K.L.:
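One structure follows; several queries about it will come next.
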Number of protein chains: 2
Amino acid sequence: MNFSTSEENYLKAIYHLQEEDSTVSTNALAEKLSTKAASVTDMMKKLSAKGLLNYTPYYGFSLSADGKKIALFIIRRHRLWEFFLSQKLGFSWEEVHQLAEELEHVSSKKLIDRLDEFLDFPSYDPHGDPIPDSKGKLLPRNNLPLALLPKNTAAEVCQVTNQSAEMLELLKHKNIGIGTRLELKKHFPFDQSIELKIKTKTVTISEQLAKNIFVTYEQINQ
Amino acid sequence: MNFSTSEENYLKAIYHLQEEDSTVSTNALAEKLSTKAASVTDMMKKLSAKGLLNYTPYYGFSLSADGKKIALFIIRRHRLWEFFLSQKLGFSWEEVHQLAEELEHVSSKKLIDRLDEFLDFPSYDPHGDPIPDSKGKLLPRNNLPLALLPKNTAAEVCQVTNQSAEMLELLKHKNIGIGTRLELKKHFPFDQSIELKIKTKTVTISEQLAKNIFVTYEQINQ
DNA sequence: CTAAATTTTTAGATTTGTCTAAATTTTAAA
DNA sequence: TTTAAAATTTAGACAAATCTAAAAATTTAG
């Protein structure tokens, strides 16, 4: 099935509002989408009829299993484009979102899967939000300050706080960005500096820099 | 000014039809866009009112200077995306067009200029059609079989005829694709093989392969 | 537990892009 | 040069997505 840009925007907005509250109200959605309550009601009838929503008039709505699946694919497209714009085209994190809002509606699955591959299957977008994989699965967001990463464990940079020009310059020089895969090798108590392995190289990072870098790694099944 | 997807498609179609005939008829445009003559007339009134067309009812239409400029920017977006899809995501030349039809309507100038830079400012798309530069200028299309390129002249691969898997495998091995910059160094009459310089490397090409590769180079101002 | 306030839905209108069918204009042919 | 054929435009309708204003349902407060 194919959806209009407008339908997709509604599905995505409902998904995000559901992260806060399991049921979404007409007004909340209208505000999120900068539209009017009456327009929301109209669209809710439409999405309900397509089986994407659980909707009881006057009592709010939530995504059905189908609706949730579609929302995750839209979010996948959005976040992969954000990653591309940031990593490959050098856009700043503020610019990336608006552009991805447009690109996300190009819906070819093959295109998105190829883009994913081209980007080396990143798990997190430039804002540190997880990117659903090609089956719609999301990694849990378990961001960890780099300094707390267990040693010799494959991890991925998923968020970088502080976006000052100075810090970005330093990160660029060290070839570290969102999606960079690394391992923590050594930790020196004297100045809290750490040594990382990135691909085959060894890189040293100061305490100040490490504080601003967050990583995730595959948790061992418990 | 901003244009709807539909307006953009009309402008682009008129531009292409004008390459054949300087004036475009309602029916020709309707057929090109798989729509009805009445819809075309409606849109022509709209584009006329915006000053993008020269339009005399019953006598066809042509793009105004403004309309042409906009059409060229849309074509720029289309062809840069085609180049990206082919070179970076590995799509075949048949698949590329349909996907670019959607991507071309994302209209941020900054995005397209960055994409252009990322792709290293290619002059030709995967079909060998010239890509307008950021000012809307098109290189003339002066495709030349690789074997006829003057020696020691910087040139760019702009078209590859024959898309058999075997040939693509060979091209890939030799790191040759649309946009590859090269110079002809030597030509051996014995077997008509040629030697090229690509970046800093020397590459040998058989007569059969050379026949399928077309290049352009900057003509000296005459 | 009623009445006011709030939220949501309905009714009816608007815009964009499209369509069919009818009317008009141009072109071509006898 | 008149008339039939072809091309184009106009008129009127429709679907999608939106809006405003009014009506209906729910919530909250006294």
Side-chain angles (χ1 to χ4, degrees), chain A residues 1-14 17-18 20-63 67 70-71 74 101-102 104-107, chain B residues 1-14 17-18 20-63 67 70-71 74 101-102 104-107:
Chain A
M1 249 209 251
N2 244 27
F3 301 95
S4 71
T5 295
S6 186
E7 289 171 323
E8 291 191 349
N9 284 334
Y10 275 92
L11 289 171
K12 193 170 50 122
I14 296 168
L17 287 173
Q18 277 198 346
E20 315 257 300
D21 246 316
S22 72
T23 231
V24 175
S25 76
T26 303
N27 271 352
L29 188 49
E31 188 180 3
K32 178 117 184 166
L33 292 167
S34 306
T35 184
K36 296 295 148 76
S39 311
V40 170
T41 302
D42 286 348
M43 184 59 92
M44 292 308 96
K45 284 188 208 157
K46 205 169 149 192
L47 294 178
S48 261
K50 294 190 180 187
L52 305 174
L53 285 184
N54 307 116
Y55 173 45
T56 317
Y58 292 102
Y59 282 94
F61 27 81
S62 61
L63 293 174
I70 291 157
I74 301 164
E101 286 290 304
E102 296 192 56
E104 75 188 3
H105 300 294
V106 177
S107 62
Chain B
M1 247 210 250
N2 245 27
F3 302 96
S4 71
T5 295
S6 186
E7 289 171 323
E8 290 192 346
N9 284 335
Y10 274 92
L11 290 171
K12 194 170 49 125
I14 296 168
L17 288 172
Q18 277 197 1
E20 315 254 302
D21 247 317
S22 72
T23 229
V24 175
S25 76
T26 304
N27 271 350
L29 188 49
E31 189 181 0
K32 178 117 184 167
L33 291 168
S34 306
T35 184
K36 295 297 148 74
S39 310
V40 170
T41 302
D42 286 348
M43 185 58 91
M44 293 307 97
K45 285 188 208 157
K46 204 169 149 192
L47 294 178
S48 259
K50 293 192 180 187
L52 305 175
L53 286 185
N54 306 117
Y55 173 45
T56 317
Y58 292 102
Y59 282 95
F61 27 79
S62 61
L63 293 174
I70 291 157
I74 301 163
E101 285 290 304
E102 296 191 58
E104 74 187 3
H105 301 294
V106 177
S107 62

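Only a predicted model underlies this, so the values are computations on that prediction, with no experimental measurement involved. Residue numbering restarts at 1 for every chain, and letters A, B, ... go by the order of the sequence lines.
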K.L.:
For dT9(D), does either OP1 or OP2 sit under 4.0 Å from a side-chain N or O belonging to Tyr55(B)?
P.N.:
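So the side chain of Tyr55(B) is within the cut-off, an N or O lying under 4.0 Å from OP1 or OP2 of dT9(D).
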K.L.:
To the nearest angstrom, how far is Lys45(A) atom NZ from dA15(D) atom C1'?
P.N.:
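In whole Å, dA15(D) C1' and Lys45(A) NZ are 15 Å from each other.
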K.L.:
Please report the distance, rounded to the nearest Å, between CG in Asn27(A) and C1' in dT26(D).
P.N.:
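After rounding, the gap between these two atoms is 13 Å.
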K.L.:
Please state whether the phosphate of dT9(D), meaning OP1 or OP2, lies under 4.0 angstrom from any side-chain nitrogen or oxygen of Thr26(B).
P.N.:
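Indeed, a polar side-chain atom of Thr26(B) lies that close.
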K.L.:
Roughly how far apart are Leu52(A) CG and Phe61(A) CZ, rounded to 0.5 Å?
P.N.:
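So the CG of Leu52(A) and the CZ of Phe61(A) are separated by 13.5 Å.
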K.L.:
Separation of Asn9(A) atom CG from dA16(D) atom P, in whole Å?
P.N.:
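For the pair Asn9(A) CG and dA16(D) P, the rounded distance is 17 Å.
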K.L.:
Between dT15(C) atom C1' and Asp42(B) atom CG, what is the distance in whole Å?
P.N.:
13 Å
K.L.:
Reckon Thr35(A) has a side-chain N or O less than 4.0 Å from the OP1 or OP2 of dC19(D)?
P.N.:
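For Thr35(A), the contact criterion (side-chain N or O under 4.0 Å from OP1 or OP2 of dC19(D)) is met.
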K.L.:
Where do Leu11(A) and Ile70(A) come nearest, in terms of heavy atoms and distance?
P.N.:
CD1-CG2, 3.7 Å
K.L.:
Do Leu33(B) and Tyr10(B) make a side-chain contact, defined as non-hydrogen atoms from C-beta onward lying under 4.5 Å apart?
P.N.:
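Leu33(B) vs Tyr10(B): side chains touch.
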K.L.:
Which sits closer to the 5' end of DNA chain D, Thr41(B) or Ser6(A), going by the nucleotide each is nearest to?
P.N.:
Thr41(B)
K.L.:
Using a strict threshold of under 4.0 Å (side-chain N to carboxylate O), is an ion pair present between Lys12(B) and Glu101(B)?
P.N.:
yes
K.L.:
To the closest 0.5 Å, what do you measure between OH (Tyr55(A)) and CD1 (Ile14(A))?
P.N.:
11.0 Å
K.L.:
Nearest whole Å is fine: how far is dT10(D) P from Met44(B) CE?
P.N.:
13 Å
K.L.:
Tell me which nucleotide, if any, is Watson-Crick or G-U wobble paired with dG30(D) when both distances must be under 3.5 Å.
P.N.:
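Base-paired to dC1(C).
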K.L.:
Would you check if Ser48(A) and Lys45(A) make a side-chain contact, meaning some heavy-atom pair closer than 4.5 Å?
P.N.:
no
K.L.:
Between P on dT16(C) and CZ on Phe3(B), what's the gap in Å once rounded to a whole number?
P.N.:
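Taking CZ of Phe3(B) and P of dT16(C), I get 14 Å after rounding.
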K.L.:
Using whole Å, report how far NZ of Lys50(A) lies from C1' of dA16(D).
P.N.:
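Checked: the NZ to C1' distance equals 11 Å.
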K.L.:
Determine whether His105(A) and Glu102(B) make a side-chain contact, defined as any pair of heavy atoms from C-beta on separated by less than 4.5 Å.
P.N.:
no
K.L.:
In the 5'-to-3' direction, what one-character label does each nucleotide of nucleotides 20-26 of chain C receive under the scheme B = base within less than 4.0 Å of a protein heavy atom, S = sugar-phosphate only, - = no such atom?
P.N.:
B---BSS
K.L.:
Categorize Phe61(A) for me: base, sugar-phosphate, or nothing, with a 4.0 angstrom heavy-atom threshold over every strand shown.
P.N.:
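If one applies the 4.0 Å heavy-atom cut-off, Phe61(A) turns out to touch nothing in the nucleic acid.
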K.L.:
Tell me: CG of Leu29(B) to P of dT8(D), nearest whole Å?
P.N.:
10 Å
